[in-house]
A.B. asks: 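Input: one structure, supplied below.
We name chains A, B, ... by the order of the sequence lines, and we start the count at 1 in each one. This is a predicted model, so every value here is computed, not measured.
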Amino acid sequence: MEFIFELQSSSNISYQRSSTTTSPDRYIDPKCLDFREALSFLNEGTKVDSAYYVPLLQKCIDTYSASEAQIIHTHIIKTGAHEDTYLMTFLLNVYSKCGVMDYAHGVFDKLSVKNVVTRTALIAGYVRNSQPELAIEVFNELLEAGAYPTNYTLAAVLSACSSLYNIKMGKQIHGYIIKYQLESDISIGNSICSLYSKCNCFDYAVKSFGRIPEKNVISWTTMISACGDNGEAQKGLDIFVEMLSENCEPNEFTVTSILSLCCVLQALEFGKQVHSMSIKLGCLSNPPVKNSIMYLYLRSGKTDEAQKMFNAMETVSLVTWNSMIAGYAQMTDIEKDVVTAQHTGTEALNIFLKLSRSSMKPDFFTFSSILTVCSSLVASTQGEQIHAQAIKTGFLSDIVVGSALVNMYNKCGDIEGATKAFVEMPTRTVISWTSMITGYAQHGRPQQALQLFEDMTLAGERPNKITFVGVFSACSHAGLVDEAMRYFKMMKKQYKIKPVMEHFACLIDMFVRLGRLQDAFDFIKKMNFEPNEFIWSILIAGCRSHGNLELGFYAAEHLLELKPKDSETYVLLLNMYLSAARWKDVSKVRRMMKDEKLGKLKDWSSISMKDKVRSFKPDDRSDTHSPEMYALLNDLLDKAKNLGYVSQKSLEMADEEEKGKTFSSVVHHSEKLAVAYGLLKVPSGASIRVLKSISMCRDCHNLIKHISALTGREIIIRDSKRLHQFNNGHCSCGDFGSLL
DNA sequence: CGCTCATAAT
């Protein structure tokens, strides 16, 4: 049987070297048979042409099989074919494409002839396998050897510079390219464009793109994703349209880039058109394309659509899982809508659970997304389990995962857990320092927060404006006016950070807590900002607490001028006017709420148990344990009264319209029910953690302080504005803030 | 002869 090599057109190998070995009398087409059969043929000791190995090696690339390549490698040595530089370059490339650079380098070391091509292959290998430093090293060796880089070499080296964000070296290479007039090479032009984009030189990227004489699909795709990377999403879509008008056909890479832009722009309709275009182009079967479409639907709120695609997917990669988890995780912003946050957060946790049960291993993307979900839901039980998993899989050392963990424990009100996670981080960033400083401040440990700030600056880390929000918040908790002013100066003078509204809010909060209302007002006059809703709210809450109604009314007038966009702010005003029996103002505020089309406050609390998230509305009786919960609450209420708790007639939670009903006591706000549920269901000794959609009211705050003392349980409630850690009758918030 | 450039997410 005679065998003639016939390479498939799809294959990018062309190997037609004239044979120096003896022609074998029997050949089996390695493409048509299985690997072992082809090898046993070799094992018979038949002398074969070097070219015989090529399709076998190609198969190793296709199946990403380094071990099979090794077996062939052994045969190559046995038959003496390793003297063939071309074959060995190919083998080097096989190892590189199978992700084993050690083997690839081994092949390189044994080469008798090391030329530009073999070195380029090695450089490209290191670039491909995320070792750009080594790629540069080999490039330097190439130069030292006196060789001239080819356009292949230069493209690969430019890519290494991109990965290292080394714009300096990139520019040197660019200079070389200009000098040798290689700029018109498409691959080089594309690489240059990509380099400038990755190094945040968007203008240069645009210019480089313009200088590519004959743009191909890669050029266009590079430019489009450059727009995405540099926050020019709309421009990316425009360039895509231009690309189509130039009759350049997009491929799967272009489609994924465009879909990513559609996510950023929330351009669902455009995305849908790209969806149908990808069908016409025949690239819908491409897994990344499918992923991107699914993710776009998810991010656009079309969860059913996304879920359908997810369920129907035949190749589910880790990226697919991560996309689903991240997509849901991004919808867990409780400041927007708690109900949605609950639902999507639970969904993300479910998907993570399924992933954990599959054979796939979560990576740092998965961990950081899912930890965000735990933070949002105050789900520390799940968070702890995920922490354990991160340790097991070795992703704990990742800096993003570490910060996400610190953040999770802080948001869940577990300051000990946060401290431990923080200490265990191998390296800390300004983000993790800041998270921890803010954590201490929120947990009512201002001294530790300030100490940590000192540690941070001593460690040489530069604080940013958010760090200072944490610092001021700590000063505010501790009433450290002089310290606060010192830090305020330090921020402006030493760190050249311009004060923003959040800073002023903390400082004003500090004066208010101390009862220095006039100082707070003076401070407002001194700052060159118009106070926002939040600042007026702090003042009004403070005026109520300190019984200074005149200043309160004054602040209220200013607040009303701003036409607040937040229902809670109106309720705060309403309560102030109600308690002063200023009925005219009450109806005025009510009218404004109607005009602004602001709905009622959605009082909503949830508690994350081991296996589920349980949610409660006010006066909720939907749980099977409701009778026990209400009995427990009544019992605690009686006991609290004996300890001096006076049930404040609960004021408006914006539910009641009629004046008569206004002072009716709404006994069972949602967090009371969630706490009761927790007392019954959470193992004794463990803390009870509750998430609440709006600010706690004073009455609930008061009662829960007593409950914490009566039951000896730590109760943590994170509401829409702050964290409350109740222990032995005290709360970490210091009883101040915008309590309704 | 062999080696190159571009994609989805936190």
Side-chain angles (χ1 to χ4, degrees), chain A residues 12-18 50-51 54 57 84-94 96-97 108 111 113 115-125 127-128 135 142 149-160 162 185-195 197-198 212 216-226 228-229 250-263 283 286-296 298-299 317-327 329-330 363-373 398-401 403-404:
Chain A
N12 54 7
I13 341 148
S14 51
Y15 198 100
Q16 292 147 355
R17 198 160 163 253
S18 60
S50 287
V54 173
L57 288 171
D84 183 340
T85 310
Y86 303 136
L87 179 64
M88 295 317 273
T89 310
F90 192 64
L91 179 64
L92 191 161
N93 208 22
V94 173
S96 138
K97 285 185 177 165
F108 180 78
L111 283 176
V113 184
N115 59 25
V116 189
V117 177
T118 55
R119 286 198 162 95
T120 302
L122 194 60
I123 292 169
V127 171
R128 196 174 5 248
L142 180 148
T150 65
N151 43 0
Y152 286 86
T153 324
L154 294 166
V157 173
L158 283 171
S159 174
S162 297
D185 180 279
I186 290 193
S187 295
I188 285 185
N190 295 346
S191 299
I192 290 171
C193 178
S194 173
L195 168 83
S197 155
K198 288 267 158 56
I212 302 172
N216 63 11
V217 58
I218 297 180
S219 323
W220 289 101
T221 308
T222 306
M223 196 59 234
I224 288 166
S225 57
D229 292 340
N251 64 12
E252 66 272 26
F253 290 94
T254 327
V255 169
T256 43
S257 290
I258 285 295
L259 288 167
S260 150
L261 297 183
C262 292
C263 274
C283 63
N286 176 271
V289 168
K290 221 176 251 184
N291 261 327
S292 307
I293 295 171
M294 180 194 80
Y295 187 69
L296 173 66
L298 190 56
R299 289 295 303 276
S317 70
L318 183 58
V319 178
T320 318
W321 288 102
N322 285 352
S323 303
M324 287 301 281
I325 294 170
Q330 295 222 343
D363 68 359
F364 58 92
F365 279 116
T366 331
F367 282 119
S368 46
S369 298
I370 201 68
L371 284 170
T372 306
V373 171
D398 182 83
I399 211 144
V400 179
V401 175
S403 301

A.B. asks: Any idea which of dA9(B), dT4(B), dT7(B) is nearest the Pro288(A) side chain?
C.D. replies: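 For the Pro288(A) side chain, the nearest candidate turns out to be dT7(B).
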A.B. asks: Quick check: any donor-acceptor pair below 3.5 Å linking the side-chain of Thr256(A) to the base of dT7(B)?
C.D. replies: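 By the distance-only test, yes, there is a pair.
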A.B. asks: Taking only residues two or more places apart in sequence, or in another chain, which ones meet Asn115(A) in a side chain to side chain contact (heavy atoms under 4.5 Å, CB included)?
C.D. replies: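 Side chain to side chain contact (heavy atoms under 4.5 Å, CB included) list for Asn115(A), sorted by chain: Val117(A), Thr118(A).
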A.B. asks: Under the rule for side chain to side chain contact (heavy atoms under 4.5 Å, CB included), what residues qualify as partners of Asn291(A), not counting sequence neighbours?
C.D. replies: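 So Asn291(A) forms a side chain to side chain contact (heavy atoms under 4.5 Å, CB included) with Met294(A), Met313(A), Ser317(A), Val319(A), Thr320(A), Ser323(A).
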A.B. asks: If you compare every side-chain N and O of Arg128(A) against the phosphate oxygens of dT4(B) (OP1, OP2), does one of them come in below 4.0 Å?
C.D. replies: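 Answer yes for this pair, as a side-chain N or O of Arg128(A) is under 4.0 Å from OP1 or OP2.
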A.B. asks: So what does Asp185(A) hit on the nucleic acid, given a heavy-atom distance under 4.0 Å: a base, only sugar-phosphate, or nothing?
C.D. replies: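 Contact class for Asp185(A): none.
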A.B. asks: Met88(A) has an atom CE; how far is it from atom P of dC3(B), in whole Å?
C.D. replies: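 To the nearest whole Å, that distance equals 15 Å.
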A.B. asks: Are the side chain of Ser194(A) and the backbone of Asn190(A) linked by a donor-acceptor contact shorter than 3.5 Å?
C.D. replies: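 No; zero donor-acceptor contacts below 3.5 Å.
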A.B. asks: Round to the nearest Å and state the distance from Met294(A) atom CE to dA8(B) atom P.
C.D. replies: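 After rounding, the gap between these two atoms is 15 Å.
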A.B. asks: Taking only N and O in the side chain of Ser260(A), is any of them less than 4.0 Å away from OP1 or OP2 of dA9(B)?
C.D. replies: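 Affirmative; the distance criterion is met.
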A.B. asks: Is Tyr152(A) stacked on the base of dC3(B), with ring centres under 5.5 Å apart and planes under 30° apart?
C.D. replies: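 Here the ring of Tyr152(A) and the base of dC3(B) are stacked, with centres under 5.5 Å and planes under 30°.
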A.B. asks: Can you name the nearest heavy-atom pair linking Leu371(A) to Val401(A), along with the distance?
C.D. replies: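 Minimum heavy-atom separation between Leu371(A) and Val401(A): CD1-O, 4.0 Å.
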A.B. asks: For a quick test of reading the model, state the closest non-hydrogen atom pair linking Val373(A) to Ala329(A) and the distance between them.
C.D. replies: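 Answer, listing the atom of Val373(A) first, then Ala329(A): CG2-CB, 3.4 Å.
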A.B. asks: How many whole angstroms separate atom CZ of Arg299(A) from atom P of dT10(B)?
C.D. replies: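 It works out to 6 Å between those atoms.
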A.B. asks: Closest to the Thr89(A) side chain: dA8(B), dG2(B), dT10(B)?
C.D. replies: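 Of dA8(B), dG2(B), dT10(B), dG2(B) is nearest to the side chain of Thr89(A).
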A.B. asks: Return the value, rounded to whole Å, for the distance between atom CH2 of Trp220(A) and atom P of dA6(B).
C.D. replies: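 In whole Å, dA6(B) P and Trp220(A) CH2 are 18 Å from each other.
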A.B. asks: Separation of Ile218(A) atom CD1 from dA6(B) atom P, in whole Å?
C.D. replies: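 Taking atom P of dA6(B) as the reference, CD1 of Ile218(A) is at 8 Å.
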A.B. asks: Val117(A) has a side chain; which of dC3(B), dA6(B), dA9(B) sits nearest to it?
C.D. replies: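 Of dC3(B), dA6(B), dA9(B), dC3(B) is nearest to the side chain of Val117(A).
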A.B. asks: Atom CG of Leu57(A) and atom P of dG2(B): how far apart are they, to the nearest Å?
C.D. replies: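 Taking atom P of dG2(B) as the reference, CG of Leu57(A) is at 14 Å.
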A.B. asks: Can you figure out which of dC3(B), dT10(B), dT7(B) approaches the side chain of Ser368(A) most closely?
C.D. replies: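 Out of dC3(B), dT10(B), dT7(B), the nucleotide with an atom closest to Ser368(A)'s side chain is dT10(B).
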A.B. asks: With no hydrogens and no angle check, just 3.5 Å: does a side-chain donor-acceptor pair link Asn216(A) and Ser219(A)?
C.D. replies: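 There is such a pair (donor and acceptor under 3.5 Å, judged by atom type) between the side chains of Asn216(A) and Ser219(A).
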A.B. asks: Which whole-number value in Å describes the distance from Phe108(A) CZ to dC3(B) C1'?
C.D. replies: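 So the two atoms are 12 Å apart, to the nearest Å.
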A.B. asks: Answer yes or no: does a side-chain N or O of Tyr295(A) lie under 4.0 Å from OP1 or OP2 of dT7(B)?
C.D. replies: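 For dT7(B), OP1/OP2 do not have a side-chain N/O of Tyr295(A) under 4.0 Å.
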A.B. asks: Of the candidate nucleotides dC5(B), dC3(B), dA9(B), which contains the atom at the shortest distance from the side chain of Ser187(A)?
C.D. replies: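 Within the option list, the nearest is dC5(B).
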A.B. asks: So which nucleotide from dT10(B), dA6(B), dG2(B) ends up closest to the side chain of Asn115(A)?
C.D. replies: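 Taking heavy atoms from C-beta onward, the closest nucleotide is dG2(B).
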A.B. asks: So, OP1 or OP2 of dT4(B): does either fall under 4.0 Å of a side-chain N or O from Asn151(A)?
C.D. replies: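 Indeed not, no polar side-chain atom of Asn151(A) lies that close.
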A.B. asks: Looking at every strand, decide which applies to Asn322(A) at a 4.0 Å heavy-atom threshold: base, sugar-phosphate, or nothing.
C.D. replies: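 Base: the residue Asn322(A), judged by heavy atoms under 4.0 Å, touches a nucleobase.
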A.B. asks: Atom CD of Glu252(A) to atom P of dC5(B): distance rounded to whole Å?
C.D. replies: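 That distance rounds to 15 Å.
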A.B. asks: I want to verify a distance call: between dG2(B), dT7(B), dT4(B), whose nearest atom is closest to the Ser225(A) side chain?
C.D. replies: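 Closest nucleotide among those given: dT7(B).
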A.B. asks: OP1 or OP2 of dT7(B) versus the side-chain N and O atoms of Lys198(A): is any pair under 4.0 Å?
C.D. replies: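 For dT7(B), OP1/OP2 do have a side-chain N/O of Lys198(A) under 4.0 Å.
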A.B. asks: Contact class for Asn286(A) (heavy atom, under 4.0 Å): base, sugar-phosphate, or nothing?
C.D. replies: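 Nothing: the residue Asn286(A), judged by heavy atoms under 4.0 Å, touches no strand.
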A.B. asks: Out of dT4(B), dT7(B), dC5(B), which has the shortest distance to the side chain of Ser159(A)?
C.D. replies: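 Comparing dT4(B), dT7(B), dC5(B) against the side chain of Ser159(A), the answer is dC5(B).
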